[in-house]
Amino acid sequence: MNAFQKNVPDQTFETLNRHGEFTRLAVSPGIINKHYTPAQFQKIAEIAGEKGAIKYSASYSILVSIPTCDATEAVQALQEAGLYVAPSGSIIAMKACDFCDGEKMEAAPITEQLYHAIEGMKVPARVRVNINGCASACYNAVYDDIGLVYQQESFDVYLGAVPMGAKAQAGTLFAKRVDVTQIEDFLLHLINLYKEHARPNEPYYKFYRRTKSAEYWELVKNSIK
Ligand code: SF4
């Protein structure tokens with residue numbers, strides 16, 4: 001019942017854009033928290049109103065499309081409701097698991113530290129850094145551009161994932177057991193190499209696969225020894 005009731009929605013992001021300038025906002029309760037309150041859902045519905053559209057995405061956020069002229073005010077109202085509106089564009093974007101709904105928070109402080117260090121940095125093409133709080137990696141860190149899997153005060157770092165498409169593929173282990181005290185510098189190295197050596201708009205995985213025999217990757221690995 002209802003599984004295929006309405007396969008084509010009345011109002012999609014595409015149809016809206018044909019009738020004016022719309023802005024898409026990626027909204028979530030936070031990088032770690034995945035639970036919305038009823039009041040936050042009401043606020044999202046109120047902001048989309050009759051003119052906008054709402055859909056869920058594969059990146060742990062709800063996408064809200066609204067007239068561009070209302071965007072600044074909408075972002076402010078969403079933030080006041082305690083929601084996080086992810087920045088758009090060619091930047092470093094952070095993702096994380098929910099740390100078992102707050103039951104397994106060991107890696108939460110370092111996740112927050114890394115967020116302040118890297119989120120929003122400008123790069124040649126959008127890079128998703130995904131942090132998972134244990135070896136189960138149930139939020140698929142190894143399928144994002146830079147995957148960090150926490151275990152015992154350290155991170156395993158995965159690079160080279162093809163996140164989507166017919167050739168989608170998990171990343172491979174680039175460095176094992178990078179200590180939490182070193183991970184911020186390590187991550188900045190990985191990002192700065194991309195900024196320095198990538199071609200315009202080159203996705204992170206293409207850049208890594210094209211250059212992985214270059215000496216500078218070894219230098220990054222050796223920086224933690
Ligand atoms: S990756 Fe580990 S810590 Fe994170 S939600 Fe999954 S099981 Fe919990």
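Atom set for the values below is all heavy atoms of this structure, side chains included, hydrogens, waters and symmetry mates excluded. Atoms within a ligand are numbered from 1 in the order they appear, just like the ligands themselves.
- With hydrogens and angles ignored, the 3.5 Å screen pairs no side-chain donor or acceptor of Q11 with any backbone N or O of A53.
- Aromatic pair Y194/Y204: ring centres closer than 6.0 Å.
- Counting only distance, with no hydrogens or angles, the side chain of D156 and the backbone of K176 share no donor-acceptor pair below 3.5 Å.
- F207 and V162 end up in different hydrophobic clusters when Ile, Leu, Val, Met, Phe, Trp and Tyr side chains are linked at under 4.5 Å.
- Protein N/O/S atoms nearer than 2.8 Å to atom 4 (Fe) of ligand 1 total 1.
- One N or O on the side chain of R126 and one on the backbone of G89 form a donor-acceptor pair closer than 3.5 Å.
- When each of Y84, Y36, Y139 is paired with Y60, the ring pair (Phe, Tyr, Trp, His ring centres under 6.0 Å) condition holds for Y139 and for no other.
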